Number of protein chains: 2
Amino acid sequence: MASALSKPRSSAGQVSSSRERSLVPVGMATILPHAAKQVRRLEEQLLAHINRWGYDEIILPTFEYLDVLAPGLEPELIEHCYQFVDRTTGRTLLLRPDATAQIARTVAMGLTGATLPLRLSYRTSVFRYATEHAGRGREIFQVGAELIGLDDVTSDSEVIHLMIECLQAIGLRSFKVSLGHVGFIKGLLLRSGLSAQGQKLAEQAAAKKDLPRLEEVLACEHISKAAARAIREAPELYGQEEVLARGRVLAAGDPSLLAPLERLAYVYQLLCAAGYRESLLLDLGEFRGFDYYDGVVFDVFADGMGAELGGGGRYDHLIGRFGRPLPSTGFALDVDRLFRTIEFPDEESVPSRVDYLVAAPRRAARRLTSVAAQLRRTGVRVVQQAMKGSDSALMPTAVAAGLAQQAAAVVVVGVPGMGPDDVLLVEPLAAPASSRRNGSLRPRTKKISLDDLVAVARRSLRPLSARL
Amino acid sequence: MASALSKPRSSAGQVSSSRERSLVPVGMATILPHAAKQVRRLEEQLLAHINRWGYDEIILPTFEYLDVLAPGLEPELIEHCYQFVDRTTGRTLLLRPDATAQIARTVAMGLTGATLPLRLSYRTSVFRYATEHAGRGREIFQVGAELIGLDDVTSDSEVIHLMIECLQAIGLRSFKVSLGHVGFIKGLLLRSGLSAQGQKLAEQAAAKKDLPRLEEVLACEHISKAAARAIREAPELYGQEEVLARGRVLAAGDPSLLAPLERLAYVYQLLCAAGYRESLLLDLGEFRGFDYYDGVVFDVFADGMGAELGGGGRYDHLIGRFGRPLPSTGFALDVDRLFRTIEFPDEESVPSRVDYLVAAPRRAARRLTSVAAQLRRTGVRVVQQAMKGSDSALMPTAVAAGLAQQAAAVVVVGVPGMGPDDVLLVEPLAAPASSRRNGSLRPRTKKISLDDLVAVARRSLRPLSARL
């Protein structure tokens with residue numbers, strides 16, 4: 001392994017496409033500073049928005065006991081979890097594969113108090129064995145919200161409304177929220193006469209929109225042609241209002257099918273009234289992957305991203321599995337996929353990484369620290385660096401360091417022969433690439449008093465939004 | 001387990017003091033909303049401060065391969081890691097027990113590019129089997145910074161200066177940074193004539209300031225009385241400048257002992273010049289727990305917290321263990337311990353959880369959403385809720401909901417007989433407890449136009465700092 005590590009750097013960062021052993025697990029990519037800044041900004045925008053709707057963040061443990069969390073997890077999901085034995089208790093621990101189940105467990109335990117409704121948010125990683133995802137498929141960054149204790153239509157629409165506002169707030173341009181109700185297709189299956197096992201298999205096939213598989217399942221049992229036709233048709237019923245009309249025909253007056261349709265129609269109307277019709281797609285085959293959903297459910301998709309960016313739905317019976325029945329709904333967004341979908345502003349507009357590099361010969365280390373501190377107090381971003389070498393090399397090495405650090409300007413203090421209150425300012429250093437190409441903005445060096453420099457720094461402060 | 005879960009809530013939230021199995025692993029406490037808000041604010045303050053010094057955040061995977069990370073970890077730390085087998089590769093994975101080793105691995109792989117010096121920051125959890133810590137001893141929230149590629153004294157002082165500024169920025173009042181140099185005591189041990197094994201055992205005893213154990217180790221081998229005396233004395237040499245003077249006596253002209261002392265003295269002078277003398281404590285026995293430290297090292301302590309709040313030091317040889325030798329230094333702070341040490345502002349000053357609860361009868365759900373959205377656009381925090389029940393119950397249930405949600409005011413829309421642009425405003429609801437006790441601020445209900453309400457909301461906006 002030591003030899004693999006001392007290989008040329010260019011190959012070390014790649015993910016195991018070659019025959020050598022990979023250095024980091026596939027799907028656990030490191031997020032480097034430039035991307036990390038954008039990912040954190042995304043997270044913060046999402047949480048600020050969710051906060052404004054009265055949702056409070058909760059922080060949950062990264063791993064917990066499998067036996068305790070299991071009632072809230074699909075058997076299939078448990079198979080995709082990272083599990084390990086707790087040395088101190090001998091019990092099986094698992095890395096959280098899903099935040100909603102953990103919140104359900106926490107609420108059922110009474111940790112969040114008795115006040116209802118409860119609005120909770122989270123930002124977290126969930127962990128799953130997964131090969132199908134690109135990027136960070138094993139450690140999935142999520143931001144989400146849960147509305148607990150309400151079962152009415154407005155709570156369904158609230159979480160979807162909030163999620164859409166979040167997506168708009170972060171600048172996602174074209175996306176579709178696919179909206180369905182698991183009760184419709186479950187109702188169709190239930191009244192079809194399929195066995196319990198057949199219903200389950202048909203559900204799974206419908207959830208994946210795997211029509212050949214659905215056909216196969218239906219062919220195994222003797223059910224009426226009309227029932228089979230309706231089941232076959234449901235996964236293909238997506239669009240606008242006409243979907244509801246066709247659904248009512250398939251319901252054929254059965255109240256257990258009409259109820260989910262009416263609920264879905266009402267949520268759809270509320271969201272259309274809020275101005276979101278263009279972002280909505282009704283989908284009577286919409287199912288989500290999780291068995292705990294039992295009402296209105298939804299997924300978000302965007303152009304250019306094959307997998308969903310997030311989704312959610314109603315899970316009225318999940319918290320009850322932990323001993324405290326409470327109706328609930330919520331959503332989660334995949335921060336990494338959002339990051340890869342969104343177009344970020346042109347880099348040219350923010351050319352510098354830091355505002356000032358303050359440099360000094362080593363003997364002037366105290367002065368260096370003091371000047372850097374005074375500049376930072378104005379709010380600008382300052383790197384300080386003591387320079388090796390002779391005094392004659394001071395200016396060129398300081399400018400080289402400023403360029404390497406992508407500083408907008410260099411401040412040199414402790415230059416021999418200069419007054420104690422004066423510094424040398426070299427700027428602009430990191431001008432936009434276009435003007436550098438023109439040669440119109442060459443860096444100039446000028447003597448300036450520290451007081452004036454601090455005043456300039458205060459004035460030049462870029463707005464906070466461009467600095468994060 | 002199901003029976004344990006359906007027990008009375010009061011016991012479910014407790015950590016396993018009784019004989020029943022605990023529901024969450026000890027040391028993995030959930031952070032509930034009120035505390036989570038403060039923890040997140042702490043993290044953000046720390047990172048904002050670190051950012052201003054030119055450090056960029058990096059996000060690292062939560063687990064990685066043991067064989068790859070092992071060169072950067074103490075054998076003792078590896079024994080305290082959570083390890084599990086990767087189902088897809090059969091290799092052993094471990095939950096990150098330490099961020100510095102992971103950053104060293106990342107930098108050595110060349111992922112962060114060739115520009116030096118490199119300033120990186122992180123906020124993350126590290127995971128360790130630990131019984132001695134209170135609170136979140138197994139999942140430890142850290143914020144930290146690493147300065148990579150510089151070996152001079154100013155880089156030593158930079159990270160300590162930055163750490164002290166961070167502690168002051170979050171309002172920590174009285175703390176001490178204990179400052180030492182591992183080279184001094186290592187030098188004493190080396191020239192004492194102790195065997196390599198004896199030196200290692202003596203180091204471990206000195207690091208824990210376990211003087212009886214140190215005595216025992218020294219007694220096992222035949223070394224000169226003077227050498228033994230010096231070794232015994234070092235762990236007790238802490239204080240101000242006099243410690244350096246005494247150290248020079250013990251060094252007895254040996255350059256390998258004088259060099260660390262002079263380096264330490266210079267760093268101490270730079271930090272004193274920056275005004276931090278009161279926060280510093282020289283400690284020639286200071287060692288840190290990690291074997292990778294090889295220069296100036298430091299710990300932070302505060303009154304009322306037995307364990308250190310953080311610390312760090314120079315680790316010039318760590319990144320080299322991964323194949324790319326680079327001098328480095330850095331620090332990490334334990335966010336949970338900071339949270340438990342800091343005094344937060346009196347709750348009375350921020351009595352409400354949300355600014356407005358907007359309520360409406362269910363039939364007015366569209367209007368409810370629209371009014372809430374208009375209020376939120378001003379920047380206030382708004383919970384919206386559709387109310388069940390008769391029109392006559394509307395006002396009392398809305399006010400009760402506002403009190404339960406700790407709203408500062410309640411807005412009721414869709415009240416029968418009111419104009420479409422009017423709402424009812426009930427305030428103040430969540431007045432400070434003191435004025436509630438006086439009865440001086442009873443909630444009043446008044447009719448107000450939506451435009452006026454929005455104007456009031458805009459004016460009443462609390463400063464952002466009080467809202468996070």
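This structure is a prediction, so every number in the text was calculated from the model and none was measured. Letters go in sequence order (proteins before strands), and every chain restarts at 1. Values below: all heavy atoms of this structure, side chains included; hydrogens, waters and symmetry mates excluded.
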Give the intermediate values and the outcome of side chain to side chain contact (heavy atoms under 4.5 Å, CB included) for residues A/Y129 and B/T88.
-> CA-CA 8 Å; A/Y129 278 102; B/T88 48; 4.2 Å; yes
If you measure from [atom1] on [X] to [atom2] on [Y], what distance do you get to the nearest 0.5 Å?
X: B/C81; Y: A/R87; atom1: SG; atom2: CZ; value: 8.5 Å
X: B/R52; Y: A/L375; atom1: CZ; atom2: CG; value: 12.0 Å
X: B/H34; Y: A/I58; atom1: NE2; atom2: CD1; value: 14.0 Å
X: B/L93; Y: A/F84; atom1: CG; atom2: CZ; value: 10.5 Å
X: A/Y82; Y: B/T62; atom1: OH; atom2: OG1; value: 11.0 Å

Using a cut-off of under 4.5 Å on heavy-atom pairs, state which of B/E79, B/H49, B/E165 scores highest against chain A.
->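 Heavy-atom pairs under 4.5 Å are most numerous for B/E79.
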Please classify the contact between [X] and chain B as side chain, backbone, both or neither, with a heavy-atom cut-off of under 4.5 Å.
X: A/R40; answer: side chain
X: A/V39; answer: side chain
X: A/T106; answer: side chain
X: A/Y356; answer: neither

Check the pair B/V24, A/R105 against side chain to side chain contact (heavy atoms under 4.5 Å, CB included), reporting the backbone distance first and the verdict last.
-> CA-CA 10 Å; B/V24 279; A/R105 191 265 302 151; 3.4 Å; yes
Determine whether a donor-acceptor pair (N or O, by modelled atom type, separation under 3.5 Å) exists between the side chain of [X] and the backbone of [Y].
X: B/R353; Y: A/G54; value: yes
X: A/R381; Y: B/N51; value: yes
X: B/E158; Y: A/V383; value: no
X: A/E64; Y: B/L23; value: no

Residue, of [options], that accumulates the most heavy atom pairs under 4.5 Å with chain B:
options: A/A372, A/S370, A/A401, A/A386; result: A/A386
options: A/D86, A/L357, A/L270; result: A/D86
options: A/T369, A/D152, A/L118; result: A/D152
options: A/H161, A/R119, A/Q83; result: A/R119

So, do [X] and [Y] sit near enough that their side-chain heavy atoms are less than 4.5 Å apart?
X: B/L32; Y: A/T112; answer: yes
X: B/K388; Y: A/L150; answer: no
X: A/F63; Y: B/R138; answer: yes
X: B/Q405; Y: A/P117; answer: yes
X: B/K37; Y: A/E57; answer: no

Side chain from CB out, backbone as N, CA, C, O: work out which of these in B/L47 comes under 4.5 Å of a heavy atom of chain A, or both, or neither.
->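 For B/L47, no heavy atom lies under 4.5 Å from chain A.
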With B/R376 as the cation and A/W53 as the aromatic partner, state whether NZ or CZ is under 6.0 Å from the six-membered ring centre and within 45° of the axis.
->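 Yes, B/R376 sits over the ring of A/W53.
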Tell me, please, which residues at least two apart from B/A36 pass side chain to side chain contact (heavy atoms under 4.5 Å, CB included).
->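 With neighbours one apart ignored, the set is A/I59, B/I31.
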Side-chain donor-acceptor contact under 3.5 Å, B/T154 with A/R366 |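 Side chains of B/T154 and A/R366: no pair found under 3.5 Å.
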In chain order, what residues pass the side-chain hydrogen bond (donor to acceptor under 3.5 Å, both in side chains) check against B/Q385, with sequence neighbours excluded?
->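 Scan of B/Q385 (side-chain hydrogen bond (donor to acceptor under 3.5 Å, both in side chains), adjacent residues dropped) gives none.
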Minimum heavy-atom distance A/A404-B/T115, with the two atoms named =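 Scanning both residues completely, I find the closest heavy atoms to be O-CG2, 3.3 Å.
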